[in-house]
Amino acid sequence: MEFAYGPVVQVPADRYPKVFMTAPPPLPKFRRHSILAVLMLCSLLIWLDNTVLSTALETLADPVRGLGADPGQLQWATGSYTLAFATLMFTAGALGDRFGHRTVFSSGLVIFAGSSLWAACASDAGRLIAARAAMGVGSALITPAMLAILMWTFTGPARAAAIGIFSTSAGVGMAAGPVLAGFLLEHFWWGSVFLVNVPVAVSAAVGLAVLVPNFRSPTRRPLDPAGMLLSISGLAALAYGLIRAGQVAAWSRTDVWAPIVFGLVVLAVFVLVELRAKVPGFDPRLLAQRTFGGGNVALGLLLFAVAAITFYNAFYLQGALGFSPMKAGLANVPTAFGALAGAPLASHLVQRLSLRLVTVPALTVAALTMGGYGFLGLHTPLVWIELLLLVQGLSIGMVIGPVTAALISNLPLEQAGAGSAVTNTVRQTGSVIGIAVGGTIMSIMYRRTIEPSLEGAPGAVRDQARVSAEQARHVATAIHRPALAQAADDAFIHAMHVGAGWIAVIALLGAAVLLTALPAVGKGKGPMPEPDHEEARSSV
């Protein structure tokens, strides 16, 4: 069964299609609620996967329990997923309009389930990276279709209620993901954190086939293959150069600066191509608007910082402090609870103050909590770590949801789709670059710090210890040199301190951009939209 709906594309002078909504016949109440349950299951699946990987990073780096992956490979295991997600989102929506959102959704679930099985069975880091990229493709196909089905299943007041219920799945995924990953890693092999996705995806696919109509648009939007290929190529080359710098601990090598330059040139070409397109999938013109452009840049800088500090956190808790996966998962729960509370708290405060007065201080506090990692050490009491994570989640939740909602709501309706594509792409791009840069700073500083402790050690020991603190701890145990393990811990802590300082500077820059971008609206100066709680939770 298929229902057709807008937008009907009529390209006016400003190149944006006017949108005409044609509501499908209403579905029975029980069926609508069943569809909502299926969508929540899929949303939970995606956010669980995002959080379990960060808990599994330390295990994947272990040469015995995992794959012995070096920091660069772990950066790619995380970044390849985000890269595929970032660059395919604006194409996935057009595919749903063309072939039906249920069709695209089902295809995404099949890809996600198959690539999860591939990741679980990966025998080396290269295969895991490829599998993670494929999982990103599946997620990119799922997310726009999931939201489109939700919007066209419910109308009127029921839609607002459904969105509120649906958004809780992201918070549940954030809170439950680290704990689930900890349980699986303690009782099974590392691949179980990916294998658990398969039965959930299969159940969701069955629910889609039985319950969900194939909503589609009568007008086919262009797929923008040139923009997709250019954005993927440019971001991949840029990320490769940045990650490679950490692997070789030098910026002057050709295999470092050449990919970075090539990536920047390709991304510039991508912008030019999108500027010339009649109906661009990613419209750079929107970034020229002060509030929309500045707000998105600030969000991109914040997500850069969030991705980098999350990468550090995984190795700090399990590596330097020696937490078990379960204990590390439980230790991260305050971040999720903080994010859950942050979005609604900001919504109430914005009604009384203004968006700028609420979000700029919140982003400043978020930056300071990231800089706070510079004061964490090997003997920091757990209560201080938990307090830091709680405040960090709360402040980030107070920024992402309200700012995203305000930016999209301020656009004309005919630009809402293009604005959503820009916001999603900028946010995910910030995450990709944050993982690359943050991990590279950590790798370079670790190598420089550990080097004096390796004098007199055999060549094979030096080579392995230089790779990462995880490898150094492993070889120290094998050759019975506890001093080397202690030196590795100290080198990692120093690298984390340096990296945290730079990450805090980037986040503070985001606060400065947000301060100049948002209007100084006082109390009561117009209604503010309800924030997108799911965006806030899923991005921490």
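All residue numbers refer to positions in the sequence shown, counting from 1.
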Residue pair L53 / V193, side-chain heavy-atom distance below 4.5 Å = no
note = CZ of F262 to CG of L238, rounded to nearest 0.5 Å, is 11.5 Å
task = List in chain and number order the residues that pass ring pair (Phe, Tyr, Trp, His ring centres under 6.0 Å) with F492, two or more places apart in sequence or in another chain; answer none if no residue qualifies.
result = none
remark   = Shortest non-hydrogen pair, V432 vs A239, comes out as CG1-CB, 4.2 Å
ask   = Is there a donor-acceptor pair under 3.5 Å between the side chain of R132 and the backbone N or O of A77?
value = yes
task = Could I get the full list of ring pair (Phe, Tyr, Trp, His ring centres under 6.0 Å) partners for Y312, not counting sequence neighbours?
result = none
ask   = So which heavy atom on F112 is nearest to which on S139, and how close?
value = CE1-OG, 3.4 Å
request  = Specify the closest pair of heavy atoms between G439 and Q75, including all atoms of both residues, with the distance to one decimal.
outcome  = CA-NE2, 3.3 Å
query = Below 4.5 Å, heavy atoms only, C-beta onward: do P213 and R31 meet side chain to side chain?
reply = yes
remark   = Looking only at heavy atoms, the pair that brings A120 and G191 closest together is CB-O, 3.2 Å
task = Using ring pair (Phe, Tyr, Trp, His ring centres under 6.0 Å) as the criterion, list what pairs up with F188, not counting sequence neighbours.
result = none
query = Roughly how far, to the nearest 0.5 Å, is the CZ atom of R65 from the CH2 atom of W189?
reply = 15.5 Å
ask   = side chain to side chain contact (heavy atoms under 4.5 Å, CB included) between F311 and M442: does it pass, once the steps are laid out?
value = CA-CA 10 Å; F311 193 75; M442 183 176 71; 3.7 Å; yes
ask   = Do L235 and T429 have side-chain heavy atoms sitting under 4.5 Å apart?
value = yes
Main-chain N/O of A366 paired to Q392 side chain as donor or acceptor, under 3.5 Å = no
ask   = Of all heavy-atom pairs between I35 and L211, which one has the smallest distance, and what is that distance?
value = CD1-O, 3.6 Å
task = Test side chain to side chain contact (heavy atoms under 4.5 Å, CB included) on V179 and V333 and set out the steps.
result = CA-CA 8 Å; V179 179; V333 169; 3.9 Å; yes
query = With a 4.5 Å heavy-atom cut-off, do M370 and V306 have their side chains touching?
reply = yes
ask   = Can you check side chain to side chain donor-acceptor pair (under 3.5 Å) on S324 and E186, steps first, answer last?
value = CA-CA 8 Å; S324 68; E186 287 198 1; 2.8 Å; yes
inquiry  = Working to the nearest 0.5 angstrom, can you tell me the gap between L109 CG and I142 CD1?
reply    = 4.0 Å
message = If I compare all heavy atoms of L57 with all of A314, which pair ends up nearest, and what's the gap?
response = CD1-CB, 4.0 Å
Donor-acceptor contact below 3.5 Å, side chain Q73 vs main chain D70 = yes
query = Has the side chain of S106 got a donor or acceptor atom that lies under 3.5 Å from a matching backbone atom of R102?
reply = yes
ask   = What distance separates I309 CD1 from I396 CD1, expressed to the nearest 0.5 Å?
value = 9.5 Å
task = Any chance you could measure L317, atom CG, to L389, atom CG, to the nearest 0.5 Å?
result = 7.0 Å
4.5 Å side-chain heavy-atom contact, V271 and L275 = yes
query = Are any side-chain N or O atoms of T143 and backbone N or O atoms of A140, one a donor and one an acceptor, separated by less than 3.5 Å?
reply = no
key: side chain to side chain contact (heavy atoms under 4.5 Å, CB included) involving D124 - partner list, sequence neighbours excluded   = R127
task = Output the distance between atom CD1 (I260) and atom CG (L242), rounded to the nearest 0.5 Å.
result = 4.5 Å
ask   = Checking T59 side chain against G66 main chain: does a donor-acceptor pair fall under 3.5 Å?
value = no
message = Are the side chains of F315 and L74 in contact, using a 4.5 Å heavy-atom criterion?
response = yes
Audit row: N313, Y373, side chain to side chain contact (heavy atoms under 4.5 Å, CB included) steps and yes/no = CA-CA 9 Å; N313 179 65; Y373 276 70; 3.5 Å; yes
request  = Output all residues satisfying side chain to side chain contact (heavy atoms under 4.5 Å, CB included) with A308, sequence neighbours left out; order by chain, then residue number.
outcome  = I503
key: Any side-chain heavy-atom pair of V256 and Y240 under 4.5 Å   = no
request  = Would you confirm whether N332, through its side chain, and A328, through its main-chain N or O, come within 3.5 Å as a donor-acceptor pair?
outcome  = yes
task = Would you check if F194 and M135 make a side-chain contact, meaning some heavy-atom pair closer than 4.5 Å?
result = yes
task = With side chain to side chain contact (heavy atoms under 4.5 Å, CB included) as the test, would you mind laying out the steps for V426 and L299 before giving the verdict?
result = CA-CA 8 Å; V426 170; L299 287 179; 5.9 Å; no
request  = Check ring pair (Phe, Tyr, Trp, His ring centres under 6.0 Å) between F85 and all other residues, then give those that pass, not counting sequence neighbours.
outcome  = none
